[in-house]
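Notes follow once the structure below has been shown.
Keep in mind the model is a prediction, meaning the values are calculated, not measured.
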Amino acid sequence: MAAKTLEEWISIYEKKTGTEFKAEPRARLKFEPEKGFAEFGVYEDMVVIGQTCGDAKYWKKLGETIARQLGLNHLGTWCCRKIEPYIKLFGVEILKVEDAGEGLKRYHCRQKETGKSATFSPRSRNSAGHVVYHVTWEI
């Protein structure tokens with residue numbers, strides 16, 4: 001990816017999500033010009049990746065590293081894009097699809113690389129009307 005300023009990455013984020021970027025005060029923002037940005041926080045027993053733009057696989061691996069350093073074995077994030085391509089991007093096998101009501105689906109999955117679980121659950125709709133999925137990875 002070509003290097004960009006934080007402001008350029010935020011502009012891309014806002015265009016893709018249809019929502020305004022507002023920094024989460026409980027999270028720390030990590031920024032790398034060639035990778036984009038991601039917010040990280042620790043909530044209960046997991047590291048949570050908040051608003052993210054850029055190299056999603058890179059930010060997930062960094063989140064896993066942070067979690068391991070803290071002795072945690074779960075990583076959480078959310079996704080407001082089409083969920084099935086997102087699941088495929090991360091090399092995850094869908095084991096079961098559950099009806100979550102209102103035409104929404106919950107995906108129970110296995111990470112092909114590690115064999116550990118991943119769950120993709122609809123949680124809300126953002127201000128642009130996109131379904132927001134809460135994602136939980138076992139690491």
For the CG atom of Leu6 and the CG atom of Leu29, what is their distance to the nearest 0.5 Å?
6.0 Å
Using the rule given for side-chain contact (heavy atoms from CB on, under 4.5 Å), can you reason through Val92 versus Cys109, listing the C-alpha separation, both sets of side-chain angles and the distance that settles it, and then say yes or no?
CA-CA 6 Å; Val92 175; Cys109 304; 3.0 Å; yes
State, with a plain yes or no, whether a side-chain heavy atom of Phe40 is found less than 4.5 Å away from one of Ile66.
yes
Minimum-distance pair of heavy atoms, taken over all atoms of Lys4 and Trp9
CB-NE1, 3.4 Å
I need the Glu7 CD to Phe21 CZ distance, nearest 0.5 Å.
10.5 Å
If two hydrophobic side chains count as joined below 4.5 Å and joins carry through other members, does Val132 share a cluster with Trp59?
no
Contact between Trp78 and Tyr133 at the side-chain level, heavy atoms closer than 4.5 Å - yes or no?
no
Side-chain contact, heavy-atom cut-off 4.5 Å: Val131 with Leu104?
yes
Looking at side-chain heavy atoms only, is the closest gap between Leu70 and Val47 below 4.5 Å?
yes
Are Phe120 and Trp137 an aromatic pair by the rule of ring centers under 6.0 Å?
yes
Within the supplied structure, the quantity of interest is the number of heavy atoms (other residues, nucleotides, ligands) at a distance under 6.0 Å from Arg68 CZ; does it exceed 12?
yes
Consider only side-chain N and O atoms of Thr17 and Thr19, and report whether a donor and an acceptor are under 3.5 Å apart.
yes
With a 4.5 Å heavy-atom cut-off, do Leu75 and Ile49 have their side chains touching?
yes
Can you run down the salt bridge (charged side-chain N to carboxylate O under 4.0 Å, His left out) pairs that involve residues 110-128, sequence neighbours left out, and say none if there aren't any?
Glu93-Arg110
Where is the tightest heavy-atom contact between Ala27 and Glu39, given as atom of each residue plus distance?
CB-CB, 3.9 Å
When rounded to the nearest 0.5 Å, the distance separating SG of Cys79 from CG of Leu89 is 9.5 Å
Taking the side chain as C-beta and beyond, is there a heavy-atom pair between Thr136 and Met46 under 4.5 Å?
yes
What's the spacing between Glu44 CD and His74 NE2 if we round to 0.5 Å?
12.0 Å
Donor on one side chain, acceptor on other, Glu98 and Tyr107, under 3.5 Å:
no
Roughly how far, to the nearest 0.5 Å, is the CE atom of Met1 from the CD atom of Glu34?
10.5 Å
Short side-chain to backbone donor-acceptor contact, Glu8 and Thr5, under 3.5 Å:
yes
Between Lys16 and Arg81, does the side-chain contact (heavy atoms from CB on, under 4.5 Å) criterion hold? Intermediate values first, please.
CA-CA 8 Å; Lys16 285 186 175 186; Arg81 311 277 301 278; 3.7 Å; yes
Value rounded to 0.5 Å, distance of CD in Gln111 from CD1 in Ile139
9.0 Å
One pair to check against side-chain contact (heavy atoms from CB on, under 4.5 Å): Thr119 and Val135. What are the steps and the verdict?
CA-CA 6 Å; Thr119 307; Val135 181; over 6 Å; no
Within a strict 4.5 Å, meaning less than it, do heavy atoms of the Phe90 and Lys60 side chains meet?
yes
Less than 4.5 Å apart, side chain to side chain, heavy atoms only: is that true for Ile12 and Lys15?
no
Taking every non-hydrogen atom, the tightest pair across Arg106 and Pro122
CA-CD, 4.1 Å
